[in-house]
Colleague: 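My questions all concern the structure below.
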There are 2 protein chains.
Amino acid sequence: MVATLHDVALLAGVSIKTVSNVVNDYPHVRPSTRTKVEQAIAELGYTPNPTARSLRSGRTNVIGLAVPDLALAYFAELTAAVIAAAEASGLSVVVEQTGTGDRAREISVLTNARRKMTDGLIFSPLEMGPEDVDHLDVGYPLVLLGERIFDGPTDHVTMRNVEAARAATEYLIHSGRTRIAVVGAHEDEVIGSSALRMQGYREALAANGIPFDPALIGPSIEWHRANGAHSMADVIARGVPFDAVFALNDTLAFGAMRALQEAGLRIPDDVAVMGFDGLDEAQYSIPSLTTVDPGRDWIARTAVDTLRERVRIDNTQPPTLKLAEFTILERESAPPA
Amino acid sequence: MVATLHDVALLAGVSIKTVSNVVNDYPHVRPSTRTKVEQAIAELGYTPNPTARSLRSGRTNVIGLAVPDLALAYFAELTAAVIAAAEASGLSVVVEQTGTGDRAREISVLTNARRKMTDGLIFSPLEMGPEDVDHLDVGYPLVLLGERIFDGPTDHVTMRNVEAARAATEYLIHSGRTRIAVVGAHEDEVIGSSALRMQGYREALAANGIPFDPALIGPSIEWHRANGAHSMADVIARGVPFDAVFALNDTLAFGAMRALQEAGLRIPDDVAVMGFDGLDEAQYSIPSLTTVDPGRDWIARTAVDTLRERVRIDNTQPPTLKLAEFTILERESAPPA
DNA sequence: ATGAAAGCGCTAACAG
DNA sequence: CTGTTAGCGCTTTCAT
């Protein structure tokens with residue numbers, strides 16, 4: 001019922017190989033032949049069967065993307081960007097969710113049945129750590145995202161967390177703020193986003209001769225909006241003066257702004273607020289949120305391109321680490337100096 | 001290098017057909033044979049090649065999901081739910097984004113190349129309308145979501161917009177509010193979420209003898225957070241008294257709460273706020289948002305199950321319309337009576 | 001209950 | 001520049 005290469009070849013009066021050559025833009029085809037074939041293709045409404053193509057070629061043109069949960073805004077937007085980048089390369093994306101707080105599930109995504117139907121995987125874990133590095137030694141192209149594991153056996157695309165957090169903090173300092181609270185800190189954690197962003201914060205303070213004050217640090221393991229509010233409220237309750245807040249992500253910042261407002265503090269007059277992630281929604285909050293775009297779109301594009309290279313060329317090059325450039329999006333919650 | 005059915009058959013000393021029978025849980029296999037084969041499978045670490053399976057069987061066990069944009073919270077959470085439901089059925093999901101405000105792109109997703117590699121499509125358009133109903137007459141299993149097109153040629157799974165909006169409004173009325181503003185209205189629109197939810201709102205007023213007051217209606221085409229704030233600010237600026245707000249979705253409600261707060265109005269003491277969508281984030285706002293869960297998870301599960309039926313059984317039954325039950329999630333922004 | 005053989009639609013070698 | 005052939009790994013008749 002649906003046309004095949006064979007049908008086209010018959011109608012065009014050529015061999016099936018010639019049709020294949022036309023379809024795949026093989027250069028050495030006589031123009032007249034090409035036209036003839038293209039007419040037959042149009043007449044029959046032929047489109048290649050991707051399954052047959054995959055079986056024969058060993059490639060599916062489908063990639064996997066594994067993220068914790070699409071209900072987390074950052075991962076939703078990252079996924080949106082990966083899908084857009086993949087589509088631009090003619091790839092389809094099968095999205096998988098590993099859940100939050102489930103290390104075993106993250107590890108299992110590396111070897112589940114879907115790996116046999118994708119050419120490669122872009123993987124953003126939130127629970128695995130350096131001790132799991134061996135699990136990344138899989139037999140297919142894998143691009144790692146995030147800041148849980150460095151120096152693994154695979155390509156790694158991520159953001160400049162320390163530098164970006166330092167720049168964000170210095171942005172606040174340069175706009176005249178000296179007492180900068182933090183919201184969302186993971187105490188005693190040494191790997192992951194929180195630890196790296198805290199390091200950038202401390203570097204900025206040190207470089208500008210501002211003492212680090214533990215009373216300004218609001219902890220929170222989870223990074224929902226309510227956590228931002230509570231973490232901020234904690235700092236406020238301590239009664240220490242502060243004139244700015246660095247929220248370790250935008251969702252926390254939304255909550256922190258709510259808590260500040262509740263406490264009668266004006267943004268940015270009394271307290272400037274800086275977020276991190278560059279979420280779309282950050283431009284629509286009131287006041288709009290000054291935040292760090294860590295280069296999400298670049299990360300998505302680069303992850304897709306890196307994966308494509310590994311799929312196309314053979315997968316024997318040494319692993320690479322690619323770091324996105326960041327941008328501070330200057331908005332109302334923290335005006336520039 | 002990677003084991004095939006053939007390898008397993010050789011090792012187990014049976015034919016390839018028998019191995020296939022074991023792998024596919026075909027019932028009539030002698031227990032001793034089954035054991036032998038299973039051992040061989042384990043020894044070789046055999047897993048079926050999904051591409052070959054698809055080529056032969058004509059099914060891929062992959063479904064498509066087309067939504068406007070994952071950066072819109074409702075669609076991110078819907079996608080999360082669809083992926084979870086599909087996984088529970090052993091299906092993979094290829095996610096596609098049609099963008100916002102691009103009717104042609106929505107139409108094109110129905111016929112693009114990906115349709116040849118999926119068993120069916122779950123499709124949630126935002127721009128297509130009743131005039132596009134013929135485009136839905138595709139040759140593969142298609143499940144329509146949303147409220148742009150009714151009475152089309154395909155299965156349709158959606159929410160009870162009118163009833164849910166009416167119940168939400170009556171919830172406010174029963175808690176003692178009589179001057180209920182609306183945020184996010186699409187003026188003069190007759191199809192789509194806004195029109196249906198407005199209808200529910202008007203029905204609730206009428207049923208309770210409350211006159212409809214146009215001065216309470218805040219219009220907004222887009223439904224970002226800032227729109228909710230502006231739409232709310234419009235109503236406030238008119239100087240008409242009101243004691244509740246029905247935001248036509250949760251994102252608008254977040255913005256509306258911000259505008260209320262800015263105007264010095266307390267939630268819920270001065271003004272109760274009701275949202276719509278049941279977003280995860282609605283439980284983390286401050287105050288937490290009372291909202292209508294329109295049955296998002298049920299919609300996702302039902303869409304997947306409906307699609308599976310169409311794929312499994314032949315696709316000749318008349319189209320069905322399936323409507324989710326809704327729930328009002330009682331939180332701080334609008335306490336119950 | 002199991003085996004033999006055909007072939008899904010395509011691409012890759014190799015001829016010519 | 002184009003045709004022939006083989007076969008990717010599996011499921012599906014059809015036999016037995």
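Throughout, protein chains are lettered first and strands after them, A, B, ... in sequence-line order, and every chain is numbered starting at 1. Remember, predicted model here, so these are calculated numbers, not experimental data.
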Colleague: Would you check if the side chain of B/R114 reaches a backbone N or O of A/L91 as a donor-acceptor pair within less than 3.5 Å?
Modeller: yes

Colleague: Using a cut-off of 4.0 Å on non-hydrogen atoms, how would the nucleic acid contact of B/S54 be classed: base, sugar-phosphate, or nothing?
Modeller: nothing

Colleague: Extract, from 5' to 3' on DNA chain C, the first and final nucleotides lying under 4.0 angstrom from some heavy atom of chain A.
Modeller: C/dG9 to C/dA13

Colleague: Under 3.5 Å, side chain of A/R105 to main-chain N/O of A/Q97, donor-acceptor pair present?
Modeller: yes

Colleague: Do the non-hydrogen side-chain atoms of A/E147 and A/M159 ever get within less than 4.5 Å of each other?
Modeller: yes

Colleague: Please determine whether a side-chain nitrogen of the Lys or Arg among B/R160 and B/E325 lies less than 4.0 Å from a carboxylate oxygen of the Asp or Glu.
Modeller: yes

Colleague: Check A/D155 with A/K322, please: is the shortest side-chain N to carboxylate O separation under 4.0 Å?
Modeller: no

Colleague: With a 3.5 Å distance limit and no angle check, can you tell me whether A/E96 reaches the backbone of A/L65 through a side-chain donor-acceptor pair?
Modeller: no

Colleague: Looking at D/dG3, I'd like to know if its phosphate oxygens (OP1 or OP2) sit under 4.0 Å from a side-chain N or O belonging to A/S15.
Modeller: yes

Colleague: Indicate yes or no: does A/E106 engage A/R103 in a salt bridge with an N to O separation below 4.0 Å.
Modeller: no

Colleague: When you check every protein heavy atom under 4.0 Å of nucleotides 7-16 of chain D, what one-letter string (B, S, -) results, 5' to 3'?
Modeller: BBBBBB----

Colleague: Any sub-3.5 Å donor-acceptor pair from A/K116's side-chain atoms to B/P50's backbone N or O?
Modeller: no

